[in-house]
Protein chains: 2
Amino acid sequence: MELGKTAYVILGMLRLGRRTGYEIKSLVDVSTRFFWAASYGQIYPELARLEKLGLVRGRRADSGGRRRKTYELTADGERALDDWLTSPAPLHLELRHEGVLKAFFSDALAPGERAAQWRRMREQHERVAQQLQAIEPGAAEAADERGERMPLKVLEFGIAYQQFVADWCARMERAEAESAAPVAAERS
Amino acid sequence: MELGKTAYVILGMLRLGRRTGYEIKSLVDVSTRFFWAASYGQIYPELARLEKLGLVRGRRADSGGRRRKTYELTADGERALDDWLTSPAPLHLELRHEGVLKAFFSDALAPGERAAQWRRMREQHERVAQQLQAIEPGAAEAADERGERMPLKVLEFGIAYQQFVADWCARMERAEAESAAPVAAERS
DNA sequence: CTGATCATGTAATTCGTTACATGATTCC
DNA sequence: GGAATCATGTAACGAATTACATGATCAG
């Protein structure tokens with residue numbers, strides 16, 4: 001019974017409480033999205049598959065005239081989640097970073113053009129860092145009130161990671177400025 | 001004429017010199033792989049597409065009885081590459097990290113189990129860091145001899161990034177050890 | 001002579017995104 | 001009354017991996 005990684009996003013979210021597919025997607029968008037994204041096109045079919053496998057149990061929960069279906073973990077689902085969490089299997093690590101890719105090939109660029117690319121890349125990472133920082137108060141509250149410490153720890157890591165990349169861009173940006181105008185740098 | 005990002009990996013590699021599909025793949029595996037991977041299943045069809053678009057030019061270059069086809073950039077290909085390198089479009093940034101995903105959901109785990117996961121994740125990042133360090137001498141040589149500075153810079157970033165994540169794991173690991181055995185920690 | 005490497009491709013499959021279709025409810 | 005949000009799904013498409021098929025050459 002080999003499950004895709006995205007199945008565990010769903011199982012994990014369901015352990016935190018009964019949820020609809022829509023709610024799972026909303027949660028993912030403000031939490032795991034930055035290191036594991038998921039779209040409706042994955043979540044709804046995956047919920048159906050997990051139900052057929054007996055790992056989750058769905059229940060109609062219409063609210064007014066609004067059709068609604070909430071899911072919860074079954075005992076099997078709980079076990080599958082724990083097995084994955086404690087598994088020693090090599091972790092799936094994947095990074096696709098267009099900015100670093102451009103950097104790799106940018107020897108042919110003029111220093112000014114390269115500096116502009118560093119700036120854009122830095123700004124993009126700074127924006128993500130700010131988005132994550134905006135979420136922090138809510139995560140800190142959840143850590144306090146519901147004892148969910150790890151989501152906050154992971155969020156802090158996410159912020160540190162974004163800043164780490166942004167700092168590297170800033171250093172590269174400065175280096176370009178110095179090599180492009182060494183005389184001006186000496187004067188200052 | 002919208003090109004996929006992987007097309008630029010090919011164009012970028014071809015700017016460094018005439019290459020076969022096989023050589024491009026080998027190069028990717030020791031350089032861009034860590035932030036932009038590509039497989040034969042992408043490279044060969046993409047080369048054919050780029051040739052039809054007039055961005056690369058293929059030429060038979062059999063070596064003995066070995067069928068071989070080398071490619072080089074056309075003027076259009078060179079322009080497409082530079083346009084991409086200097087484009088201000090938002091960068092494609094994608095991260096899928098199973099270790100962080102597990103961390104996010106690991107509140108329910110025992111501290112010892114969590115510590116074991118930190119250790120595995122740290123070791124995995126340390127292994128990648130070592131792989132990258134093994135490549136460094138070659139990249140440093142290329143930087144010196146052929147003036148290709150950026151691949152070395154990017155490699156150094158890759159190593160720093162792997163170590164950054166490994167360090168975070170190590171800190172988390174220590175924190176688990178302290179919370180699991182605070183008395184032992186005080187004694188030592 | 002045998003295994004590693006060079007070399008090119010295709011086919012099947014998986015994974016994931018985006019857009020579309022549909023409709024109710026809630027807030028302003 | 002209209003826009004935003006809640007809610008569920010499907011279809012088309014795209015991106016990428018893996019496995020397969022084929023065959024030559026080179027190093028030991």
Side-chain angles (χ1 to χ4, degrees), chain A residues 1-10 13-14 18-30 32-52 56 58-71 90 92-98 101, chain B residues 1-10 13-14 18-30 32-52 56 58-71 90 92-98 101:
Chain A
M1 189 176 49
E2 273 298 288
L3 260 19
K5 310 303 180 196
T6 303
Y8 296 109
V9 177
I10 294 176
M13 289 299 182
L14 288 181
R18 166 183 301 284
R19 300 258 187 284
T20 66
Y22 184 86
E23 286 167 338
I24 292 173
K25 163 72 168 148
S26 307
L27 274 174
V28 164
D29 281 347
V30 294
T32 69
R33 181 163 82 99
F34 302 99
F35 48 90
W36 206 286
S39 63
Y40 288 124
Q42 289 175 272
I43 289 170
Y44 283 114
E46 189 66 42
L47 276 168
R49 267 231 324 277
L50 291 172
E51 189 172 22
K52 221 179 293 177
V56 305
R59 178 192 302 180
R60 282 298 283 276
D62 295 2
S63 144
R66 225 176 228 164
R67 190 167 55 115
R68 245 170 127 256
K69 192 174 181 182
T70 56
Y71 291 87
H92 177 113
L93 308 183
E94 198 186 331
L95 178 62
R96 282 188 186 267
H97 196 302
E98 193 182 359
L101 184 63
Chain B
M1 190 176 46
E2 272 298 289
L3 259 20
K5 310 302 179 195
T6 303
Y8 296 109
V9 177
I10 295 175
M13 290 299 181
L14 288 182
R18 167 183 300 284
R19 298 258 186 285
T20 67
Y22 184 86
E23 286 168 338
I24 292 173
K25 163 71 168 148
S26 307
L27 273 174
V28 164
D29 280 348
V30 294
T32 69
R33 181 163 82 98
F34 302 98
F35 49 90
W36 206 286
S39 63
Y40 289 123
Q42 289 175 272
I43 290 170
Y44 284 114
E46 189 67 43
L47 276 169
R49 268 233 323 278
L50 290 172
E51 189 171 23
K52 220 179 295 176
V56 305
R59 176 192 305 180
R60 282 298 283 276
D62 295 3
S63 145
R66 225 177 228 163
R67 190 168 55 115
R68 245 169 125 257
K69 192 173 181 183
T70 56
Y71 292 88
H92 176 113
L93 308 183
E94 198 185 330
L95 178 63
R96 284 188 184 265
H97 196 302
E98 193 181 359
L101 184 62

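Proteins get letters first, then strands, A, B, ... in listed order; numbering begins at 1 in each. What's counted below: heavy atoms across the whole structure, side chains too, no hydrogens, waters or symmetry copies.
For the side chain to side chain contact (heavy atoms under 4.5 Å, CB included) test, no residue two or more places apart in sequence or in another chain qualifies with Ala48(A). Tyr22(B) meets the ring-ring contact (aromatic ring centres under 6.0 Å, His included) test with no other residue; sequence neighbours excluded. Residues satisfying the salt bridge (Lys or Arg N to Asp or Glu O under 4.0 Å) test with Arg18(A), not counting sequence neighbours, are Glu72(A). Evaluation of the ring-ring contact (aromatic ring centres under 6.0 Å, His included) rule for Tyr44(B) yields Tyr40(B) as partners, not counting sequence neighbours.
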Expected rows: protein N/O vs nucleotides 5-7 of chain D N/O, under 3.5 Å:
| unit_1 | atom_1 | unit_2 | atom_2 | d |
| --- | --- | --- | --- | --- |
| dC6(D) | OP2 | Tyr22(A) | OH | 2.8 |
| dC6(D) | O2 | Arg66(A) | NE | 3.4 |
| dA7(D) | OP1 | Arg68(A) | NE | 2.4 |

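Note that CG of Leu101(A) and NE2 of His92(B) are 10.5 Å apart. Values are rounded to the nearest 0.5 Å. To the nearest 0.5 angstrom, Leu14(A) atom CG is 8.5 Å from Leu50(A) atom CG. Here the CZ-OG1 distance, from Arg96(B) to Thr6(A), works out to 5.5 Å after rounding to the nearest 0.5 Å.
The phosphate of dG16(C) has neither OP1 nor OP2 within less than 4.0 Å of any side-chain N or O from Ser39(A). Regarding contacts with the backbone of dA15(D), every side-chain N or O of Arg96(A) stays at 4.0 angstrom or more from both OP1 and OP2. Contact annotation: Gln42(A) side-chain N/O to dC15(C) OP1/OP2 distance is not under 4.0 Å. Under 4.0 angstrom from either OP1 or OP2 of dC15(C) there lies no side-chain N or O belonging to Thr6(A).
Rounded to an integer number of Å, the gap from Arg60(B) CZ to dG9(C) C1' is 13 Å. Between the CD atom of Glu98(B) and the P atom of dC15(C) there is a distance of 13 Å, rounded to whole Å. Note: NZ (Lys25(B)) to P (dG9(C)) measures 16 Å, nearest angstrom. Put simply, CD1 on Ile24(B) is 12 Å from P on dG9(C), counting in whole angstrom units. One atom, NE2 of His92(B), and another, P of dA15(D), lie 10 Å apart when rounded to the nearest Å. Here dT14(C) presents its C1' atom at 14 Å from CG of Leu3(A), a figure rounded to the nearest Å. Protein atom CZ of Arg33(B) is 16 Å distant from nucleotide atom P of dA16(D), rounded to whole Å. A straight line from CD of Glu2(B) to C1' of dG14(D) spans 13 Å, rounded to a whole angstrom.
Comparing the axis of the opening five pairs of the helix from dC1(C)-dG28(D) to dC28(C)-dG1(D) with that of the closing five pairs yields an angle of 40°, rounded to 10°.
The 5' end of DNA chain C is approached more closely, in terms of each residue's nearest nucleotide, by Tyr71(B) than by the other of Gly41(A) and Tyr71(B).
Between Glu46(A) and Val9(A), every side-chain heavy-atom pair lies at or beyond the 4.5 Å cut-off. In this structure the side chain of Glu98(B) never reaches within 4.5 angstrom of the side chain of Glu94(A), judged on heavy atoms.
Relative to the side chain of Trp36(B), the nucleotides dT17(C), dG9(C), dA16(D) differ in distance, and dA16(D) lies closest.
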